[in-house]
Amino acid sequence: MEAIARSGLHRVQYRQNNKHGGLVGLGTAIATVCAALPHAIAELEGADGQRLVSLTAVDPSRHNRLQITDPKTSPPKHWPAS
């Protein structure tokens, strides 16, 4: 940390939640970086000095990431009739 402080470079970090490992953890990390990095870069471009950026993880829970529909019981309005 001393070297980073002396360098004057920005520091962007993401602390992975160990609760979600494997494919879920990897997906969460990739999604977090992809979603946050454009905003971080925009902020850093206008910064008048060194900044420390901590990325906030996206919510990996199933109910917040996807919705599953059974077209037999709940067909979408554009679904063809059988």
Side-chain angles (χ1 to χ4, degrees):
M1 290 305 261
E2 289 179 28
I4 292 171
R6 282 194 310 271
S7 75
L9 295 172
H10 301 304
R11 180 173 193 268
V12 178
Q13 72 176 19
Y14 167 65
R15 173 172 258 167
Q16 187 171 1
N17 181 346
N18 291 329
K19 185 168 75 173
H20 302 286
L23 192 54
V24 171
L26 178 62
T28 301
I30 291 169
T32 297
V33 172
C34 289
L37 206 52
H39 300 293
I41 290 171
E43 291 289 326
L44 296 174
E45 286 177 337
D48 59 358
Q50 185 177 33
R51 297 292 186 267
L52 308 175
V53 180
S54 294
L55 305 183
T56 304
V58 298
D59 183 350
S61 59
R62 181 176 181 260
H63 69 277
N64 285 321
R65 297 279 58 100
L66 59 100
Q67 177 182 347
I68 297 175
T69 302
D70 180 348
K72 289 180 185 174
T73 59
S74 300
K77 63 182 175 182
H78 61 276
W79 197 256
S82 42

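If you read the sequence from its start, that first residue is 1, and numbering goes on from there.
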- [ ] Would you check if the side chain of Ser74 reaches a backbone N or O of Asp70 as a donor-acceptor pair within less than 3.5 Å?
- [x]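 It does not hold such a pair.
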Open item on the list: Please check: side-chain N/O of Gln50 versus main-chain N/O of Leu9, any donor-acceptor pairing under 3.5 Å?
Closed with: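 Pair found, side chain donor or acceptor close to backbone of Leu9.
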Hydrophobic clusters here meaning ILVMFWY residues chained together by side-chain heavy-atom distances under 4.5 Å, can you tell me if [X] and [Y] are in one?
X: Ile30; Y: Val24; result: no
X: Tyr14; Y: Leu37; result: yes
X: Leu52; Y: Leu55; result: no
X: Ile4; Y: Leu44; result: no

Which pair of heavy atoms, one from [X] and one from [Y], lies closest together, and at what distance?
X: Thr56; Y: Thr32; value: O-CG2, 3.4 Å
X: Thr28; Y: Val58; value: CG2-O, 3.7 Å
X: Ala35; Y: Pro38; value: O-CD, 3.9 Å

TODO: Mind checking side chain to side chain donor-acceptor pair (under 3.5 Å) for Arg51 and listing every partner two or more places apart, or none if nothing turns up?
DONE: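 Testing Arg51 for side chain to side chain donor-acceptor pair (under 3.5 Å), a comparison that skips the adjacent residues, returns Asp48.
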Task: Side chains of Arg6 and Glu2 in contact at under 4.5 Å (non-hydrogen atoms) - done: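 In contact.
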TODO: Give the intermediate values and the outcome of side-chain contact (heavy atoms from CB on, under 4.5 Å) for residues Ile68 and Arg62.
DONE: CA-CA 10 Å; Ile68 297 175; Arg62 181 176 181 260; 3.2 Å; yes
- [ ] Could you tell me whether Gln67 atom CD has more than 12 heavy atoms of other residues or ligands within 6.0 Å of it?
- [x]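 It does not: Gln67 CD has 12 such atoms or fewer within range.
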Open item on the list: Between Arg11 and Gln13, do the side chains contain a donor N or O and an acceptor N or O under 3.5 Å apart?
Closed with: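 There is such a pair (donor and acceptor under 3.5 Å, judged by atom type) between the side chains of Gln13 and Arg11.
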